[in-house]
*Asks:* 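Right, I'll just put the structure down here and ask away after.
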Amino acid sequence: MESFNVIQGFLNMVIRSNEWLSFFSQEFNKQGYGYAGSTSDETIVVEYSSPNTNKPLHLGHVRNNLLGYSVSQILKATGKNVVMVNLVNDRGIHICKSMLAWLKWGNGETPASSGMKGDHLIGKYYVLFDKYYKEDIAQLIEAGSSKEEAEKNAPLLLETQEMLRKWEQGDPETIALWKKMNGWVYEGFDETYRSLGVAFDKIYHESETYLLGKDIVQMGLDSGVLFRKEDGSVWCDLTGDGLDEKLLLRSDGTSVYMTQDLGTARTRYEEFKPGKMVYVVGNEQDYHFNVLRLILKKMGYGWAEGIYHLSYGMVELPNGKMKSREGTVVDADDLIEGMIQTAREMTAQLGKLEDFEGEEAARLYNTIGMGALKYYILKVDPKKTMLFNPEESIDFNGNTGPFIQYTYARICSILRKANERGIRVSSNPVYKEEIFGEKEKSLVLLLHDFPAIVEEAGKNFSPALVANYTFELAKEYNQFYHDHNIVREEDESIRQFRLDLSFFTATVIRNAMKLLGVEVPEKM
RNA sequence: GGUCUCGUAGCUCAGCUGGAUAGAGCAGCAGCCUUCUAAGCUGCGGGUCGCGCGUUCGAAUCGCGCCGAGAUCACCA
């Protein structure tokens, strides 16, 4: 400690510069700074994405995917053994709607014949179904039905239900069609996943898991945790916990969403023995996950405590919520393309086109455009409803991904310049205390915080902490850069320290952004 | 109606495990490129932290009540 004082009941202590310099010289050239050196035994399963296969991904899915991937990377950085899984909802009435519409009005159209991405093609038929379904309803109402009856008895809907029955009976034709159309969707999704830079260790399909959980229900009946009503349906009474009764088996003995989630949770636990199971799912399912955890606990599964619902808020647009019916959804692929296009325009506008060519340029636009999108979404606290303002998202100044990327590229440029002049980052540094100015000190303090920030972000499942930290760091560095010469500094020991400091900052920016799934360019 | 979440500058967000004068970015205004990348930097204006009560030496932060916004409470997933 260097000094201390007391002001208004606060004891302020000043830590000696030597302590900071000693920390700095020990850590500044570690490439993995901020990441846990070793992996612990604890496994965490993170489920995210989990799309339906009847329409393409939209902005809401983008938030889900980016969050899931980033949280996984953060948990890995804190030394956890992370398994990323995706549970694809590939069966059910909604898929049958697309299938039926395609049979009726598709004329054999395929992604190849239409040039459409597979998931978009399927989405087109889902929309088409809805259109004709509405016409059916209108006709029935005109013929004297009530709205409710019409919705139930529309011929199209009855046909769809018939199709689902055939699927469940394993009708070869229906299954073949289902496989073919799902295959198209997967190709489309894979492309979107690649663009988003997300990946999975394991993919589950609901068509293979939807029957799970029935044995758990039987166990619950045997132990008296669950009860059967007169019509044969099975329920869990949660009124004692301030919730309602929850259906677990229909009166015809078939399972519901909750039933399969009970089953998949147990299967997953048995497969990985994880300390925690994270579900990245929107906050409209808060109730569902409370019930899931509660029922499993009642059944005596202690590991249910480890279930964590990473509940994130909706993404809204300036004119309100996204509504597929009103055509106000933001399609994920359109969004991605738009961001990359904007990156290209910005680069041109700033007169930097001649610095890049061909593939290098394309890669740069991708890095910047995706960096902007990812950062824009991840900087907001996951649990909050966020507003997606298209105009603001393509602004690359201020608290944005490109701002941070730019800072990184600047540092790289300095390191290149230094290298040209034969100045290298220290290999065995000894710094004198006089080199330690105010700006340098604030930077070192921030750099020192990074591992703790990662730890905190892991505990809170919040990439936003990492994002906001990185912005602070980049801002601090830009001030330092503006106020001080680095390569041009004449005093050799000061120059060396500032160079090392720049190098360290670059490492931390790169490592932090990697946790968000954001790449950093060496030139931009 | 019950339960849950949210409400901070014109806008988008930090801060919330109680502490010093509530911070950024955008937008607005005024400046800084013959010198390491101006996607940068500096300055100015902008707030009854939804409202009220309480706990405390101290509340944006904790508790209660109200107001406002949203979600959810399906033999859908």
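Below, chain A is the first sequence line, B the second, and so on; all start at residue 1.
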*Asks:* Please find out if less than 6.0 Å separates the ring center of Tyr477(A) from that of Phe480(A).
*Replies:* yes

*Asks:* Mind checking what makes side-chain contact (heavy atoms from CB on, under 4.5 Å) contact with Arg410(A), not counting sequence neighbours?
*Replies:* Tyr406(A), Asn478(A), Tyr481(A)

*Asks:* Shorter than 3.5 Å, N or O on both sides, protein versus nucleotides 31-35 of chain B: list them out with atom names.
*Replies:*
residue : atom : partner   : partner atom : Å
U35(B)  : O2'  : Arg488(A) : NH1          : 2.6

*Asks:* Please classify the nucleic acid contact of Met524(A) as base, sugar-phosphate, or nothing, using heavy-atom distances under 4.0 Å.
*Replies:* base

*Asks:* Roughly how many Å is it from NZ in Lys379(A) to P in C11(B), rounded to a whole number?
*Replies:* 16 Å

*Asks:* Please work out if Leu350(A) contacts a base, only the sugar-phosphate, or nothing of the nucleic acid, heavy-atom cut-off 4.0 Å.
*Replies:* base

*Asks:* Could you state the CD-P distance from Glu420(A) to C36(B), rounded to the nearest angstrom?
*Replies:* 13 Å

*Asks:* Are there over 12 heavy-atom neighbours, none belonging to Lys514(A), within less than 6.0 Å of that residue's NZ?
*Replies:* no

*Asks:* Write down the distance separating the C1' atoms in A59(B) and A22(B), rounded off to the nearest Å.
*Replies:* 12 Å

*Asks:* Using the P atom as the point on both nucleotides, what is the distance between C62(B) and U8(B), in whole Å?
*Replies:* 15 Å

*Asks:* Would you mind reading off the distance between Met258(A) atom CE and U72(B) atom C1', rounded to a whole angstrom?
*Replies:* 12 Å

*Asks:* If you assign Arg421(A) and Pro382(A) each to the RNA chain B nucleotide with the nearest heavy atom, which residue ends up on the more 5' nucleotide?
*Replies:* Pro382(A)

*Asks:* Tell me, do Leu473(A) and Tyr469(A) make a side-chain contact under 4.5 Å, heavy atoms counted?
*Replies:* yes

*Asks:* Please report the distance, rounded to the nearest Å, between NZ in Lys246(A) and P in C76(B).
*Replies:* 11 Å

*Asks:* Rounding to an integer number of Å, can you tell me how far Tyr375(A) OH sits from U12(B) C1'?
*Replies:* 12 Å

*Asks:* Between C6(B) and G46(B), how far is it from one P atom to the other, in whole Å?
*Replies:* 31 Å

*Asks:* Under 4.0 Å, counting only non-hydrogen atoms across every strand here, what does His484(A) touch: a base, just sugar-phosphate, or nothing?
*Replies:* base

*Asks:* Taking C51(B) as the reference, what is the distance to G68(B) when you measure between their C1' atoms (whole Å, please)?
*Replies:* 11 Å

*Asks:* Run the ring-centre check on Phe504(A) versus His448(A) and record whether the distance is less than 6.0 Å.
*Replies:* no

*Asks:* Quick one: does Thr259(A)'s side chain have a donor or acceptor within less than 3.5 Å of a partner on Leu248(A)'s backbone?
*Replies:* yes

*Asks:* Only distances under 3.5 Å count here; give the side-chain donor-acceptor pairs of residues 147-157 of chain A to other protein atoms, sequence neighbours excluded, each with its distance to 0.1 Å.
*Replies:*
residue   : atom : partner   : partner atom : Å
Glu149(A) : OE1  : Ser146(A) : N            : 3.3
Asn153(A) : ND2  : Glu149(A) : O            : 3.2

*Asks:* Between atom CD in Glu316(A) and atom P in U12(B), what is the gap in whole Å?
*Replies:* 10 Å

*Asks:* At 4.0 Å (heavy atoms only), tell me whether Asp252(A) reaches a base, stays on the sugar-phosphate, or touches nothing.
*Replies:* nothing

*Asks:* Would Arg488(A) and Arg495(A) satisfy side chain to side chain contact (heavy atoms under 4.5 Å, CB included), going step by step from the backbone distance to the final call?
*Replies:* CA-CA 8 Å; Arg488(A) 285 189 313 228; Arg495(A) 185 178 63 213; over 6 Å; no

*Asks:* Could you tell me if the ring centre of Tyr48(A) sits under 6.0 Å from that of Phe200(A)?
*Replies:* yes

*Asks:* Given a 3.5 Å cut-off on both pairing distances, which stems involving RNA chain B, each at least three consecutive Watson-Crick or G-U pairs, are present, if any?
*Replies:* B:1-7 with B:67-73, B:10-13 with B:23-26, B:28-32 with B:40-44, B:50-54 with B:62-66

*Asks:* Ile93(A) has an atom CD1; how far is it from atom C1' of A77(B), in whole Å?
*Replies:* 12 Å

*Asks:* Identify all side-chain donor-acceptor contacts of residues 87-96 of chain A below 3.5 Å with residues at least two apart in sequence or on another chain.
*Replies:*
residue  : atom : partner   : partner atom : Å
Asn89(A) : ND2  : Asn52(A)  : OD1          : 2.9
Asn89(A) : ND2  : His94(A)  : NE2          : 3.4
Asp90(A) : OD1  : Glu206(A) : N            : 3.3
Asp90(A) : OD1  : Ser207(A) : N            : 2.8
Asp90(A) : OD1  : Ser207(A) : OG           : 3.4
Asp90(A) : OD2  : Ser207(A) : OG           : 2.6
Arg91(A) : NH1  : Glu168(A) : OE2          : 3.4

*Asks:* Taking the side chain as C-beta and beyond, is there a heavy-atom pair between Asn54(A) and Lys97(A) under 4.5 Å?
*Replies:* no

*Asks:* Rounding to an integer number of angstrom, what distance separates G47(B) and C13(B) when you compare their C1' atoms?
*Replies:* 15 Å

*Asks:* Residues in side-chain hydrogen bond (donor to acceptor under 3.5 Å, both in side chains) with Asp355(A), at least two apart?
*Replies:* none

*Asks:* Quick one: Leu249(A) CG to A74(B) P, roughly how many Å, whole number?
*Replies:* 17 Å

*Asks:* Distance to the ring centre below 6.0 angstrom and angle to the axis at most 45 degrees; does that hold for Lys379(A) and Phe471(A)?
*Replies:* no

*Asks:* Can you name the residues that form a salt bridge (Lys or Arg N to Asp or Glu O under 4.0 Å) with Asp381(A), not counting sequence neighbours?
*Replies:* Lys383(A)

*Asks:* What I want to find out is whether Lys229(A) reaches Glu245(A) closely enough, with some N-O distance under 4.0 Å, to be called a salt bridge.
*Replies:* yes

*Asks:* Could you give the distance separating A30(B) and C49(B) at their P atoms, to the nearest angstrom?
*Replies:* 31 Å

*Asks:* I'd like a table of atom pairs between the protein and nucleotides 2-9 of chain B - only N or O on both sides, under 3.5 Å - with the distance next to each one.
*Replies:*
residue : atom : partner   : partner atom : Å
G7(B)   : OP1  : Lys384(A) : NZ           : 3.4

*Asks:* Considering only the C1' atoms, how many Å lie between G28(B) and G45(B), rounded to the nearest integer?
*Replies:* 9 Å

*Asks:* Syn if the chi torsion is within 90° of 0, anti otherwise; quick check, which is C33(B)?
*Replies:* syn

*Asks:* When all nucleic acid strands are considered with a 4.0 Å heavy-atom cut-off, which category describes Glu245(A): base, sugar-phosphate, or nothing?
*Replies:* nothing

*Asks:* At 4.0 Å (heavy atoms only), tell me whether Thr347(A) reaches a base, stays on the sugar-phosphate, or touches nothing.
*Replies:* base

*Asks:* Once salt bridge (Lys or Arg N to Asp or Glu O under 4.0 Å) is applied, what residue pairs with a partner in residues 440-468 of chain A remain, sequence neighbours excluded?
*Replies:* Glu440(A)-Arg498(A)

*Asks:* Hey, are Lys439(A) and Glu476(A) close enough for a salt bridge, meaning a charged N less than 4.0 Å from a carboxylate O?
*Replies:* yes

*Asks:* Expected output is a numbered-order residue list: members of residues 391-416 of chain A with a heavy atom under 4.0 Å from any atom of RNA chain B. What is it?
*Replies:* Glu392(A), Asp395(A), Phe396(A), Asn397(A), Gly398(A), Asn399(A), Phe403(A), Tyr406(A), Ala409(A), Arg410(A), Ser413(A), Ile414(A)

*Asks:* What residues from residues 468-477 of chain A pass a heavy-atom cutoff of under 4.0 Å to RNA chain B?
*Replies:* Phe471(A), Lys475(A)

*Asks:* Could you tell me whether Glu284(A) atom CD has more than 12 heavy atoms of other residues or ligands within 6.0 Å of it?
*Replies:* yes

*Asks:* Does NZ or CZ of Lys246(A) fall inside the cone over Trp235(A)'s six-membered ring, less than 6.0 Å from its centre and within 45° of the axis?
*Replies:* no

*Asks:* How about CD on Glu337(A), more than 12 heavy atoms from neighbouring residues, nucleotides or ligands closer than 6.0 Å, or not?
*Replies:* no

*Asks:* Identify whether any heavy atom of Val256(A) sits under 4.0 Å from a base atom; if not, whether one sits that close to sugar-phosphate; answer base, sugar-phosphate or nothing.
*Replies:* sugar-phosphate

*Asks:* Could you check, using the six-membered ring where one of them is a Trp, whether Tyr279(A) and Tyr308(A) have ring centers closer than 6.0 angstrom?
*Replies:* no

*Asks:* Heavy atoms within less than 4.0 Å of RNA chain B: which residues of residues 490-510 of chain A have one? Give them sorted by number.
*Replies:* none

